[in-house]
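For reference, the structure is listed below as C-alpha cells.
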Amino acid sequence: MVMRVLNFALVGCGRIAKRHSELLGLNQIHNARLVAVCDLVINKAEKFAAEFSIPHFADMHEMMRTVNIDVVVVLTESGMHAKHVVALAPYGKHIVVEKPMALTLDDADAMIRACDEAGVKLFIVKQNRFNVPVLKLREALIAGRFGKLVLGTVRVRWCRPQAYYDQDPWRGTWALDGGVLTNQASHHVDLLEWMMGEVNSVYAMATTALANIEAEDTAVVTLRFKNGALGVIEATTAARPKDLEGSLSVLGEGGAVEIGGFAVNQMKVWSFTQPEKDDDKVMSEYSVNPPNVYGFGHQAYYEHVVDSILNNTRHLVGGLEGRKSLELINAIYESVETGREVPLRFKPKYCRLGSRQ
Ligand SMILES: NC(=O)c1ccc[n+]([C@@H]2O[C@H](COP(=O)([O-])OP(=O)(O)OC[C@H]3O[C@@H](n4cnc5c(N)ncnc54)[C@H](O)[C@@H]3O)[C@@H](O)[C@H]2O)c1
C-alpha cells in the first residue's frame, strides 16, 4: 500500500532545529518530508531553507497560509510554546511541540483544549521514551518481571557552562525556561514517572551552584509513588568539566535494571531473579552510547508520530502525558519554595516556573 507523505514545517530555527531538520529534511523518516521553516530572526530560517531547498518565513501565520502543511513543529523557547500552539491550532494541522510542553499547568490546559477544539493531534517531544533500552525496560515492567516495585532513580549529571546560558537571554529564566529540572532533566522526570507510575508526594531541594541564572542548576528530589515505591531524582548541569551521565534505574522484588550512558541509552544492569532465555543478549544488544546527549530517540519518535497520524492510532506522547510530567515538575518547585513535602494532585501557589513578574 502506498502511504501519503506528510509535509512538516518548523517554527523556530534555533539549536534543536538542526536535529529536527536533518531527520525530516534528509529523508530519515518514512513518509515525512520538510517543506518550510520559519524564525523571527529571518537569517536563521534562511540558513535551513538554503540547506534543504525549501521556502522560509519570518511569520508563522504567513507560512501556515502559504504552504501545504500537514504537521507543524514548534521549536521555540519553552515559555512561548503555549502561545504558539494555541495560535497554530486553528489552522487544523497536527502539532508537534518540543519539551517541556509548557511551564504552567494553565498553559498546558490551554494547549490541550485548543488542539481538541481544532480536532488535531498534539505530540510532545519525549524522544527518550523511544530509546531501545528504555522500551526494553518498559516491556519487562509490563510483563510483571519486577513484581513489587521498590525504588526508581534518575540521575542527570551534565555540564552546561555559563557560555551555554549566556547564548540566549531566555535560558535559565523563570519566565521562559526554568532550571535543570524543567529543561535538561524533564526527560528523566518523565521516564521515572512512566516506569514507576503515579506520584503520591515529592520533597525537594535545589540550588544555583555554578551558573549565573535565575532558576536552579542543581536539584535533589525524593518521591513516594502511589504503589508504595520510593524514588530519587538527582539533576545538575554543574558537572565539570564534561557531561557524565543521564541514567535511570528501576529496582523491584523480581530484579534490577539500570540504563546509563549520556542519554539513557546504554543498558548497564539487566538482572532478574527469574532469568529468561534472551536475557544474556540484552546487555550486548542494548548498549550503544550515542554521540551526544540528544540520543538516538528522535528518529523513532518521529516514526511514531507519522504512524499515529497516517493510521489514526493512539500515541504515547500526547498533551495529557506532557501535562502529567509538568505537574510533577511544578510540585517539585512548590516543595523547593515551601520546604515541605507536596502531595499530588495540587494547585501551585508558590512555584515560580512560568511567572513573568
Ligand atoms: N528534546 C530535546 O532533547 C531538546 C533539546 C534541546 C532543546 N529542546 C527544547 O527545544 C526548544 C527550543 O530550544 P533551542 O535550544 O532550539 O532554543 P533557541 O533559542 O536556540 O531557538 C528558539 C528559536 O525560536 C525562534 N522563535 C521564537 N518565537 C518565534 C516565532 N513566533 N516564530 C518563529 N520563530 C520563533 C527564536 O528566534 C529562536 O531562533 C526549547 O523548548 C527546549 O527545551 C529540546
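Being a predicted model, the structure only gives us computed values, none of them experimental. Both ligands and their constituent atoms are indexed starting at 1 by order of listing.
Taking Asp70 as the reference, Arg4 meet the salt bridge (Lys or Arg N to Asp or Glu O under 4.0 Å) condition, with sequence neighbours excluded.
For the residues Asn183, Ile16, Asp39, Val37, the heavy atom positioned nearest atom 36 (C) of ligand 1 is part of Asp39. The residue from Lys99, Gln167, Met80, Lys83 that puts a heavy atom closest to atom 42 (C) of ligand 1 is Lys99. Distances from atom 31 (N) of ligand 1 to the heavy atoms of Met60, Glu98, His84 show the closest one on His84.
For residues 201-214, the pairs satisfying side chain to side chain donor-acceptor pair (under 3.5 Å) are Ser201-Glu341, with sequence neighbours left out.
Not a single heavy atom of Arg19 sits closer than 4.0 Å to an atom of ligand 1. At least one heavy atom of Gln127 sits closer than 4.0 Å to an atom of ligand 1. Contact annotation: Arg171 has at least one heavy atom less than 4.0 Å from an atom of ligand 1. Contact between His298 and ligand 1 is present, with at least one heavy atom of the residue lying under 4.0 Å from the ligand.
Geometrically, Arg171 engages Tyr164 in a cation-pi contact defined by less than 6.0 Å to the ring centre and at most 45° from the axis.
Each of the following atoms of ligand 1 lies closer than 4.0 Å to a heavy atom of Lys44: 38 (C), 39 (O). Of all the atoms in ligand 1, the ones that sit under 4.0 Å from a non-hydrogen atom of Glu77 are 27 (C), 28 (N), 36 (C). Every atom of ligand 1 is numbered from 1 in the order shown, and the set under 4.0 Å from a heavy atom of His81 is 41 (O).
Between Val11 and ligand 1, no pair of N/O atoms sits closer than 3.5 Å.
No donor-acceptor pair closer than 3.5 Å links the side chain of Gln266 to the backbone N or O of Ile259.
One hydrophobic cluster, built from ILVMFWY side chains closer than 4.5 Å, holds both Val317 and Leu191.
The closest side-chain donor-acceptor pair between Glu216 and Tyr333 falls under 3.5 angstrom. There is a side-chain donor-acceptor pair under 3.5 Å between Ser308 and Lys121.
Paired with Glu321 under the rule salt bridge (Lys or Arg N to Asp or Glu O under 4.0 Å), one option of Arg129, Arg314, Lys126 passes, and it is Arg129.
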